[in-house]
Amino acid sequence: MDNDPYKKHRLSHRFHQTFIPERHYLSALLTFAAEDGTGGDLDISEKTDIPTGKSSGKVPATIQYARGMGLISVSGKGKDRRLAPTLLGSAVLDEDPNLGKPLTQWLIHLNLCRRMGGAENWHLCFGPGADLLGNRFTRNELEDFLAGRLGRAKRSLIGPMVRAYEDPVSLKTAGALRQEAGDIVRKPAPLSPEYGRGYGAFLLSLWDAHFPEDRQVTLTDLEKETFWGRIHGWNEAGREAALDAVRTAGAVTIDKQMRPWMLTRSARADDLWPRIYK
């Protein structure tokens, strides 16, 4: 069973109610959060056209997805519950309200994989699972791995995670997972220079969560604590290339004379999120 102290900060493995995240519902929820933001599930359903019932439905699942994706913050309960866009959510609403751009989908995917604040199934698959499963594995191997951490269940522990990356209404543009010849295949995050600010903002957000008092951290400690490179699907060369892009974006400086590399933060995540599409 999993004894990770950060588990209590992640969405439970059943948060999705078997629903995949649907971009048009996430967009409607983001718009609601920016314009009004207050109300219970039925109020939100009426204002966004996201279907829901009295005890279950797509509104609570969509809210949980949006939280895990780092798009909204949630405070209060019931009819007094307040949703508000994060800086990432505001940038998405301004620049990519349909959540269709690859950068958007990769960033919200990475947030789902976070050790602190992400979603249980996603973190286990892309974080610790990167070492044990590799980049190609069977559905049974993934199910067994999750069961080893979460305990056996009558229903699949994988849930809608794989489907989310194969359905065009969800995160197919990112396509972080795909089914191929009976296997599930992980796709690494793109190493494109234009992703530098986005990756930099994400790295600094992990830094804020895990090393809030530290101005410097070694790459080894960053990886051990946050699974940073593994959740992106990068090998060592990929991590080094990504760090160069993050450095160019002004997020960190890197002392490559040190082994392991020493990173020094040179910006705040809050300063980078509004500029990730610029």
Side-chain angles (χ1 to χ4, degrees), residues 20-31 33-34 62 65-73 85-114 117-119 122-123 125-127 161 164-178 185-209 226-235 238-252 267-278:
I20 61 172
E22 297 180 60
R23 291 184 291 110
H24 58 295
Y25 291 149
L26 290 168
S27 179
L29 189 71
L30 258 180
T31 300
T62 302
Y65 270 121
R67 282 182 59 204
M69 291 171 171
L71 294 170
I72 63 169
S73 62
T86 62
L87 289 174
L88 170 59
S90 294
V92 169
L93 198 55
D94 288 342
E95 302 288 342
D96 185 23
N98 296 319
L99 292 82
K101 293 183 178 181
L103 174 60
T104 303
Q105 294 195 16
W106 275 106
L107 288 174
I108 62 179
H109 158 74
L110 292 169
N111 274 325
L112 281 175
C113 299
R114 287 176 297 171
W122 271 258
H123 170 67
C125 176
F126 288 90
M161 184 167 55
Y165 298 100
E166 297 186 321
D167 195 319
V169 306
S170 191
L171 304 177
K172 187 174 182 178
T173 296
L177 294 175
R178 71 178 187 276
V185 180
R186 274 166 37 102
K187 172 184 171 182
L191 287 167
S192 302
E194 63 267 25
Y195 284 42
R197 282 202 188 110
Y199 288 159
F202 178 69
L203 187 153
L204 292 174
S205 72
L206 297 183
W207 199 313
D208 290 339
T226 70
F227 296 86
W228 171 75
R230 282 168 284 183
I231 62 178
H232 289 83
W234 293 325
N235 58 19
R239 296 173 197 185
E240 293 183 0
L243 282 175
D244 280 336
V246 168
R247 176 186 54 78
T248 301
V252 299
R268 300 189 315 140
D270 288 359
D271 294 330
L272 287 184
W273 284 126
R275 301 164 53 215
I276 59 175
Y277 297 103
K278 307 300 184 185

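The figures that follow rest on heavy atoms only: side chains count, while hydrogens, waters and symmetry mates do not. If you read the sequence from its start, that first residue is 1, and numbering goes on from there.
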Residues forming a side chain to side chain donor-acceptor pair (under 3.5 Å) with Arg247, sequence neighbours excluded:
none

Compare all side-chain heavy atoms of Leu71 with those of Leu99 and state whether any distance is below 4.5 angstrom.
yes

With sequence neighbours left out, write down each residue that passes side chain to side chain donor-acceptor pair (under 3.5 Å) with Thr104, or none if nothing qualifies.
Asp96, Tyr277

What pairs of residues pass the side-chain hydrogen bond (donor to acceptor under 3.5 Å, both in side chains) test when at least one of them lies in residues 189-204, not counting sequence neighbours?
none

Salt bridge (Lys or Arg N to Asp or Glu O under 4.0 Å) against Glu95, all qualifying residues, sequence neighbours excluded
Lys278

Looking only at heavy atoms, which two atoms of Ala269 and Asp208 are closest? And how far apart?
CB-OD2, 3.9 Å

Phe126 and Leu112: side chain to side chain contact (heavy atoms under 4.5 Å, CB included), yes or no, with the steps?
CA-CA 10 Å; Phe126 288 90; Leu112 281 175; over 6 Å; no

Could you report the tightest heavy-atom contact between Pro21 and Ser170, atom names first, then the distance?
O-OG, 2.6 Å

What one should report as the nearest heavy-atom pair of Gly198 and Trp273 is O-CZ3, 4.3 Å

Mind checking the CD-CG spacing from Glu240 to Leu191? Nearest 0.5 Å is all I need.
11.5 Å

From CG (Leu88) to CG (Leu272), nearest 0.5 Å
12.0 Å

Using the rule given for side chain to side chain contact (heavy atoms under 4.5 Å, CB included), can you reason through Leu171 versus Ile108, listing the C-alpha separation, both sets of side-chain angles and the distance that settles it, and then say yes or no?
CA-CA 9 Å; Leu171 304 177; Ile108 62 179; 3.7 Å; yes

Atom CG in Asn98, atom CG in Leu26: separation rounded to 0.5 Å?
11.5 Å

Can you confirm whether Leu243 sits close enough to Leu203 that some side-chain heavy atom of one is under 4.5 Å from a side-chain heavy atom of the other?
yes

Between Leu206 and Arg114, is any pair of side-chain heavy atoms under 4.5 Å apart?
yes

Mutual orientation of the aromatic rings belonging to His232 and Trp234 [parallel < 30°, tilted 30-60°, perpendicular > 60°]
parallel

With sequence neighbours excluded, residues passing salt bridge (Lys or Arg N to Asp or Glu O under 4.0 Å) with Arg275:
none

Please confirm whether the backbone N or O of Gly70 pairs with a side-chain atom of Thr86, one donor and one acceptor, at under 3.5 Å?
yes

Output for pair (Trp122 CH2, Met161 CE), nearest 0.5 Å, gives 6.5 Å

Okay, side chain of Ser27, backbone of Arg23: is any donor-acceptor separation there less than 3.5 Å?
no

Between Phe202 and Trp207, is there a side-chain heavy-atom distance shorter than 4.5 Å?
no

What is the distance from atom CG of Asn111 to atom CD1 of Ile231, rounded to the nearest 0.5 Å?
8.5 Å

Sequence neighbours excluded, which residues qualify as salt bridge (Lys or Arg N to Asp or Glu O under 4.0 Å) partners of Asp167?
none

Gly250 and Ala267: which non-hydrogen atoms are nearest, and at how many Å?
O-CB, 3.4 Å

Rounded to the nearest 0.5 angstrom, the CD1-CG distance for Ile72 and Leu93 is 12.0 Å

Identify the heavy atoms of Arg186 and Arg230 that sit nearest to each other, and give their distance.
NH2-O, 3.1 Å

So which heavy atom on Ala66 is nearest to which on Leu29, and how close?
CB-CD2, 3.9 Å

Taking CZ in Arg67 as the centre, count heavy atoms belonging to other residues, nucleotides or ligands within less than 6.0 Å. Is the count above 12?
no

